[in-house]
Amino acid sequence: MSNKKVRVRFAPSPTGPLHIGGVRTALYNYLFAKHHGGDFLLRIEDTDQKRFVEGAEEYIIESLKWLGIEPNEGQGYGGNKGPYKQSERMGMYRQYADQLIESGHGYYAFDTSEELVDIREKANKAGVSSWKYNHITRNSMKNSLTLPKDEVEKRLQNGDPYVIRIKLPREEDVRVNDTIRGWVVVNTKQMDDKVLVKNDGLPTYHLANIVDDHLMGITHVIRGEEWLPSAPLHVLLYRYLGWEAPEFAHLSLILKPTGKGKLSKRDGDKGGFPVFPINYTVPDSGDILAGYREAGYFPEAVVNLLAFLGWNPGTTQEIFSLGELINSFDLDRVGKSGAKFDPDKAKWYNQQYLRMKSNDFLADQFAEVLRTKGIDVDRSTLVKSVGLLKERAVFVEDMMEGLYLFEKPTSYDEKTVKKKWKDQTPGIMKDLGDKIMDSEPFVASNIELIFKSYLTDNELGMGAVMPNLRLLLTGKGMGPSLFEIIEILGKKEMTTRIEEGIKRITNG
RNA sequence: GGCCCCUUCGUCUAGAGGUUAGGACACCGGGUUUUCAUCCCGGCAACAGGAGUUCGAUUCUCCUAGGGGUCACCA
């Protein structure tokens, strides 16, 4: 590693929503950059206009923003190495392709897509599984290596469509030093003469990414494993262009929770967990792909769980703030093998973060949820309630279970009624209610005292009284401390609920 | 199929020649609790297989198997 300032990039193509594998790649880039005091840039790779999807770029930026892993340079963030969108850099690539042709490392090819499809089909029928445009086959194709020079000139001048391909050596081991995997060696005889410039004059990913990374001063390329097979090609491109290559680190993929294969968007609805950072509305169908944000996850939890999918600090600490991650993260503790996504662990992370949140913060969030259901609760009640409810929730929305703190029960748990409700219960409840009314101050600890002395005085057991009182007050057979609930409800509400409840249960 | 990558409990992983192979999630017990949840305590459970190298391999090498990725004028 040189002493140059670290500069890494996240370079998604705006073809749709960013899936969490991509988010993790962005996160690792971000953490690596921050850990080394470097730059994290965002570059949009939209050289293929056919695949452009409206809104995808905005989606990417909003996702990173929500997660708090924003670039400090790049598309939407400014910087002096722009533009950061490849479609706005179109004039910058051709000269390098020309340079390659001049140095003998590239050539024009006039074969049409149809011809190539055709030849591949024929090869397939003949038993060749993957036909390559390579050092052997290029000799029988229409290109500037086989065609007479004046013919090539003529075609070029006529404006005949052509592509520019890289000319690979016949047989040469290309070595890629991957930071995570070590040396990866591929022989050029296994590779093909990839297209660098398409017939529409635009560069392919291979050319554009090398040129951009070089021009933008990228020092480390941290990307998904799906790029590993083409890494040797990129190494060659740097060499032929006379540039120093950045260091490469290929991240293993995130796999499906069950079964095999990499995580795809369909796994989400099957497994009941989001695969995307935030909701995404598919432009054509209007379908919504679920996101972590809308599912109720905290961004810190998502960052934390994603960081641990392939990386670990070597200690037993599992809860890391973003700052702690920046501090601890480095590529040498990133694993080589693919990790199956574990929805249970994801929930666990959220639960951990929910517990750490202040009641004040949770009250804000919960108020939001309540508002969407048309419920308005005063602040102090809300804060108290949240303190009571948070221990039993994974998501803020789970606290809706405690709706009875704000609204009278609409029904009474049948199982509890059947099991606990006896003929003498109404009398006991009324009596008990009256006693509790005398509690001064009207707080949980005091209510508990009175409640217990009532039991002793009347020689009653907890099990015979408590569930019934809970039933009257909340309609449920279980829940958090009843004394706390009573405190929150207040005297008046408690009394009316006891009265109404007795009526409804006895008549129902 | 060719090429490349990977392989420790069900899952995420620690381990970098000698460990009772550790932690977390999940699961199962026990305790606390009016109850549920929390919490505490405990349990279950792994080095894919085979050859080497070595006094000794989870750890190093090779092979096999399995898994994954990639083979476009897409990224």
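Residue numbering restarts at 1 for every chain, and letters A, B, ... go by the order of the sequence lines. Given the structure is predicted, the values throughout are model-derived calculations rather than measurements.
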Subject >> Salt-bridge contact A/Lys167-A/Asp193 (side-chain N to carboxylate O under 4.0 Å) >> reply: no

Pairs under 3.5 angstrom, nitrogen or oxygen only, protein versus nucleotides 28-33 of chain B, please.
none

**OP:** Look at A/Lys419 and B/U35 and indicate whether a side-chain polar atom (N or O) is within less than 4.0 Å of OP1 or OP2.
**Re:** no

Original post:
Side chain of A/Asn199: nearest nucleotide among B/U70, B/C5, B/C73?
Top reply: B/C73

**OP:** Check every strand shown and say whether A/Asp111 touches a base, only sugar-phosphate, or nothing at a heavy-atom separation below 4.0 Å.
**Re:** base

Subject >> From B/U34, B/C74, B/C5, nucleotide with atom closest to A/Met466 side chain >> reply: B/U34

Subject >> Residue whose closest nucleotide on RNA chain B lies nearer the 5' end, A/Gly463 versus A/Lys50 >> reply: A/Gly463

Original post:
Any side-chain heavy atom of A/Asn29 sitting closer than 4.5 Å to one from A/His220?
Top reply: no

Original post:
Checking ring pair (Phe, Tyr, Trp, His ring centres under 6.0 Å) for the pair A/Phe273/A/Phe341: CA distance, chi angles, key distance, verdict?
Top reply: CA-CA 10 Å; A/Phe273 62 90; A/Phe341 183 79; 4.9 Å; yes

Original post:
Do A/Glu115 and A/Lys142 sit within salt-bridge range, that is, some charged N less than 4.0 Å from a carboxylate O?
Top reply: yes

Original post:
In whole Å, what is the span from the CG atom of A/Leu388 to the P atom of B/U35?
Top reply: 16 Å

**OP:** Remember a base hit wins even if backbone is also touched, and classify A/Val184 as base, sugar-phosphate or nothing at under 4.0 Å, heavy atoms.
**Re:** sugar-phosphate

**OP:** Give A/Leu202 one of three labels, base, sugar-phosphate or nothing, depending on what nucleic acid heavy atoms sit under 4.0 Å from its own.
**Re:** nothing

Subject >> Near-strand residues of residues 189-197 of chain A, defined as heavy-atom separation under 4.0 angstrom from RNA chain B >> reply: A/Gln190, A/Val195

Subject >> Salt bridge present between A/Glu448 and A/Lys452 (N-O < 4.0 angstrom) >> reply: yes

Original post:
Relative to the 5' end of RNA chain B, which residue comes earlier, A/Val185 or A/Phe483, by the nucleotide with the nearest heavy atom?
Top reply: A/Val185

Subject >> Separation between the P atoms of B/G52 and B/A57, rounded to whole Å >> reply: 11 Å

Original post:
Side chain of A/Pro229: nearest nucleotide among B/U34, B/A75, B/U70?
Top reply: B/U70

Subject >> Test log, rule salt bridge (Lys or Arg N to Asp or Glu O under 4.0 Å), inputs A/Glu318 and A/Lys345 >> reply: CA-CA 11 Å; A/Glu318 298 210 65; A/Lys345 192 109 186 201; 3.3 Å; yes

Please produce a list of atom pairs where a protein N or O lies less than 3.5 Å from an N or O of nucleotides 58-65 of chain B.
none

**OP:** Answer yes or no: are there more than 12 heavy-atom neighbours, outside A/Lys265 itself, under 6.0 Å from its atom NZ?
**Re:** no

Original post:
Does A/Lys347 come within less than 4.0 Å of A/Asp344, counting only side-chain N to carboxylate O?
Top reply: no

Original post:
Parallel, tilted or perpendicular: which describes the rings of A/Trp311 and A/Phe329, with under 30° parallel and over 60° perpendicular?
Top reply: tilted

**OP:** Indicate the ring-plane relationship of A/His19 and A/Phe276, choosing parallel, tilted or perpendicular according to the 30° and 60° boundaries.
**Re:** perpendicular

**OP:** Could you work out which one of B/G68, B/U35, B/C73 sits closest to the side chain of A/Ser113?
**Re:** B/C73

Original post:
For the residue pair A/Phe308 and A/Phe320, does the interplanar ring angle fall in the parallel (under 30°), tilted (30 to 60°) or perpendicular (over 60°) class?
Top reply: tilted

Original post:
Think A/Thr47 has a side-chain N or O under 4.0 angstrom from the OP1 or OP2 of B/A75?
Top reply: yes

Subject >> A/Ile485 side chain reached by A/Arg470 side chain, heavy atoms, under 4.5 Å >> reply: yes

Subject >> Side-chain-base donor-acceptor pair under 3.5 Å for A/Arg181 and B/C5 >> reply: no

Subject >> Donor-acceptor pair (no angle test) under 3.5 Å: A/Asp48 side chain, B/C74 base >> reply: no

Original post:
Base, sugar-phosphate alone, or nothing: which one does A/Val128 contact when heavy atoms must sit under 4.0 Å apart?
Top reply: nothing

Original post:
For every nucleotide of nucleotides 7-15 of chain B, 5' to 3': is a protein heavy atom under 4.0 Å from its base (B), only from its sugar-phosphate (S), or from neither (-)?
Top reply: S---SSSSS

Original post:
Reckon A/Thr315 touches a base, only the sugar-phosphate, or nothing at all at heavy-atom distances under 4.0 Å?
Top reply: nothing

Original post:
Which one, B/C25, B/G68, B/C73, comes nearest to the side chain of A/Leu116?
Top reply: B/C73

**OP:** Output the single nucleotide from B/U34, B/A75, B/C73 whose closest atom is nearest the side chain of A/Glu226.
**Re:** B/A75

Subject >> A/Lys476 vs B/U34: side-chain N/O to OP1/OP2 distance below 4.0 Å >> reply: no

Subject >> With sequence neighbours excluded, residues passing salt bridge (charged side-chain N to carboxylate O under 4.0 Å, His left out) with A/Lys85 >> reply: A/Glu57

**OP:** Check every strand shown and say whether A/Arg120 touches a base, only sugar-phosphate, or nothing at a heavy-atom separation below 4.0 Å.
**Re:** sugar-phosphate

Pairwise N/O distances under 3.5 Å, protein to nucleotides 37-41 of chain B:
residue	atom	partner	partner atom	Å
B/A37	O2'	A/Glu391	O	3.4
B/U38	O3'	A/Arg355	NH1	3.3
B/U38	O3'	A/Arg355	NH2	3.3
B/U38	O2'	A/Glu391	OE1	2.7
B/C39	OP1	A/Arg355	NH1	3.2

Subject >> Sidechain N-carboxylate O distance under 4.0 Å for A/Arg43, A/Asp213 >> reply: yes

**OP:** Please state the P separation for the pair B/U59 and B/A14 - nearest whole angstrom.
**Re:** 15 Å

Subject >> Atom C1', compared across B/C9 and B/G2: separation rounded to whole Å >> reply: 35 Å

Original post:
Got a sec: does the CD of A/Glu414 have more than 12 other heavy atoms crowding it under 6.0 Å?
Top reply: no

Subject >> Touch class at under 4.0 angstrom, heavy-atom based, for A/Thr316 against every strand present >> reply: sugar-phosphate

